[in-house]
A.B. asks: 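Have a look at the structure that comes next, please.
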2 protein chains.
Amino acid sequence: MLELKTPYLLFIGHATDPLSIKMAKSAADWSPEKCVGEVRSHGCTVTTGMPAMTIAEGIAAGARSLVLGFANSGGHLDEQWLPMIHEAIAAGLDIISGLHDRLNAYEELVNAAAQSNVRLLDIRHPTKRLKTGKGYRREGKRVLTVGTDCSVGKMYTSLSLTREMQRRGILATFRATGQSGILVAGEGIAVDCVVADFIAGAVEELAPANAANHWDIIEGQGSLFHPAFAGVSLGLLHGAQADALVVCHALGRSSMRAIDNRPLPSLTETIALNEQMARVTNPNAKVIGIAVNTSSVTAAEAQDYCRQVEQELGLPCVDPIRHGVAPLVDQLEEN
Amino acid sequence: MLELKTPYLLFIGHATDPLSIKMAKSAADWSPEKCVGEVRSHGCTVTTGMPAMTIAEGIAAGARSLVLGFANSGGHLDEQWLPMIHEAIAAGLDIISGLHDRLNAYEELVNAAAQSNVRLLDIRHPTKRLKTGKGYRREGKRVLTVGTDCSVGKMYTSLSLTREMQRRGILATFRATGQSGILVAGEGIAVDCVVADFIAGAVEELAPANAANHWDIIEGQGSLFHPAFAGVSLGLLHGAQADALVVCHALGRSSMRAIDNRPLPSLTETIALNEQMARVTNPNAKVIGIAVNTSSVTAAEAQDYCRQVEQELGLPCVDPIRHGVAPLVDQLEEN
């Protein structure tokens, strides 16, 4: 397995978009005990909430890995970050990257890492040979988070569900499908980075047959309605063979992630299309609830919105951060 | 660009499944002038129709490249083929592979190729950096072949459409999305082999904005109903932003390709789902006809079947090999 060295020092560069530091923020939110602080570049306007520090200060605080905790839409390595990465390597830190571009493709980084006896860990890239999917019925229960868009809280919802289920004594395992989830869980497969033929097969391997009363909580990716990423979402949906789906949504977003002038689909459309497509591999798949990121509105407005959705759809609707996910887990226990 | 050296010598190994030699057969059918013959191993029960020969005979006939012209479902390199590949390298042939596994990952092949001054060409692997898709409306017209299943004639239909359109003086370009099409066209992007995040973006790049009266004929892959490959099909559908879709089907197939006990969807279901999903990036997308591989039945039965489909669906239905695709191009010209 990966054996990521902790604690992490979270490098968020010159990020100005809170969504672009999702990976660093996820680690800070879900594994704060594994993080010492964040490193920021000039112009950075967002934060993980961790104390800002230099690389030297991070090392003094005990850091053992530098996490490249932010990404542009394409996941490319911006070469202006290279000096910072070299500094961390020279200081003896492993480098953990969730980018599409591989640290290991930069010969000067590979050489520097060898010289300093540290590792370059491209955690988004699959390390083993994958198979194509089959769609054959397998034992165990699975829940998948799906979305109206990218970056709407599928990982947070999945982790919240896992913790609440474990708290209730339900056998439950979080299955990470993206670099942020992998950083939190310590293992997983970044399905957006596998060769396209293997998307569904990767998920079949990530969430294999299990005991009949065991739940895999599979982190979703993208949206069936997203013009760039729907292929990933569909392969993940087919491979997951989920019994239960939770639709995730971000309140107040005007256009789909990284696309101009593309309104998000409605919850009703999202439920209908995901159930329709999921049934290719699980005829009983159904949406059991809604999880909404309501951070753009007041607590009272969030309550009103969730109650309204519940009335309209007849499904529980919560903000996992504000309200917890107990009503969603109640639904899973009933099914 | 690729600059594949012709003529090809087609290696089909010990294949027994006609569909597994699709790549070799495509070159023999669509570019016979570029092929000298086929090389068969013991136990091989299928043929491209080209004369069987040894590697030495192939070289005597002028061959300049050995094509690994067959594949299992996973696209893995079977190590029992290595001696044959070494023989061809030693004899001075370039090796062209359409497998997922890279020839260039085998150090002993890389060394042998360097020694013999020949190239190992993994044509399924993208050679340039791709971007994520956007779905923004672009100029030019596009037709995409879609299918009830994998291996139902999407490439043959696409090539047939291209040649018929060019014959009529319509500006038309075939856009290859798989290794067989790339072998025929000499260029393209194997979309099943790109990193999953880039499926739609790869197709946007492969079939970019063009003159308003120019048609790209984009080769489809897989099926939205296939439990392994639907993600590829959906990304391709979104990236293609097709004005016109042609549904391809293979008559008499009892289960989806490489999957047990999974009946093919009906033509009606296939039309409805492809139109529904295509409209995410092109609200005017519509199916304009059906292309059926009728090789499992007699000519008379094929005629009956196509007439029946036409009556039921109100769309032209042809076997491109038996009947040509004129009625489909008529439809494109009307739209």
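Chain naming here is simple, since letters A, B, ... match the order of the sequence lines and numbering starts at 1 in each.
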A.B. asks: Can you measure from CD (B:Gln276) to CG (A:Leu273) and round to the nearest 0.5 angstrom?
C.D. replies: 5.5 Å
A.B. asks: Going from CZ on B:Arg257 to OG1 on A:Thr132, what distance comes out if it is rounded to the nearest 0.5 angstrom?
C.D. replies: 10.5 Å
A.B. asks: Would you mind checking which part of A:Val203 comes under 4.5 Å of any heavy atom in chain B, side chain (CB onward), backbone (N, CA, C, O), both or neither?
C.D. replies: neither
A.B. asks: Where do A:Gly133 and B:Ala228 come nearest, in terms of heavy atoms and distance?
C.D. replies: O-CB, 3.3 Å
A.B. asks: Of the listed residues (B:Ile199, B:Val195, B:Val232), which shares the most heavy-atom pairs with chain A below a 4.5 Å separation?
C.D. replies: B:Val195
A.B. asks: Give the minimum heavy-atom separation between A:Gly135 and B:Pro227, together with the two atoms involved.
C.D. replies: CA-CB, 3.9 Å
A.B. asks: How long is the straight-line distance from NZ of B:Lys134 back to CZ of A:Arg262, given to the nearest 0.5 Å?
C.D. replies: 11.0 Å
A.B. asks: If you count heavy atoms of other groups shown closer than 6.0 angstrom to CZ of B:Arg102, is the number above 12?
C.D. replies: no
A.B. asks: Which label fits B:Phe198 and A:His100: parallel for a plane angle under 30°, tilted from 30 to 60°, or perpendicular past 60°?
C.D. replies: tilted
A.B. asks: Would you mind checking which part of B:Met256 comes under 4.5 Å of any heavy atom in chain A, side chain (CB onward), backbone (N, CA, C, O), both or neither?
C.D. replies: neither
A.B. asks: More than 12 foreign heavy atoms under 6.0 Å from CD of B:Glu107: is that the case here?
C.D. replies: no
A.B. asks: How many angstroms lie between atom CG of A:Asn261 and atom CZ of B:Arg137, to the nearest 0.5 angstrom?
C.D. replies: 15.0 Å
A.B. asks: To the nearest 0.5 Å, how far apart are CZ in A:Arg124 and CG in B:Asp197?
C.D. replies: 5.5 Å
A.B. asks: Might you confirm whether atom CD of A:Glu79 has over 12 heavy atoms from other residues, nucleotides or ligands at distances under 6.0 Å?
C.D. replies: no
A.B. asks: Between B:Leu224, B:Val194, B:Thr281, which residue shows the highest count of heavy-atom pairs closer than 4.5 Å to chain A?
C.D. replies: B:Val194
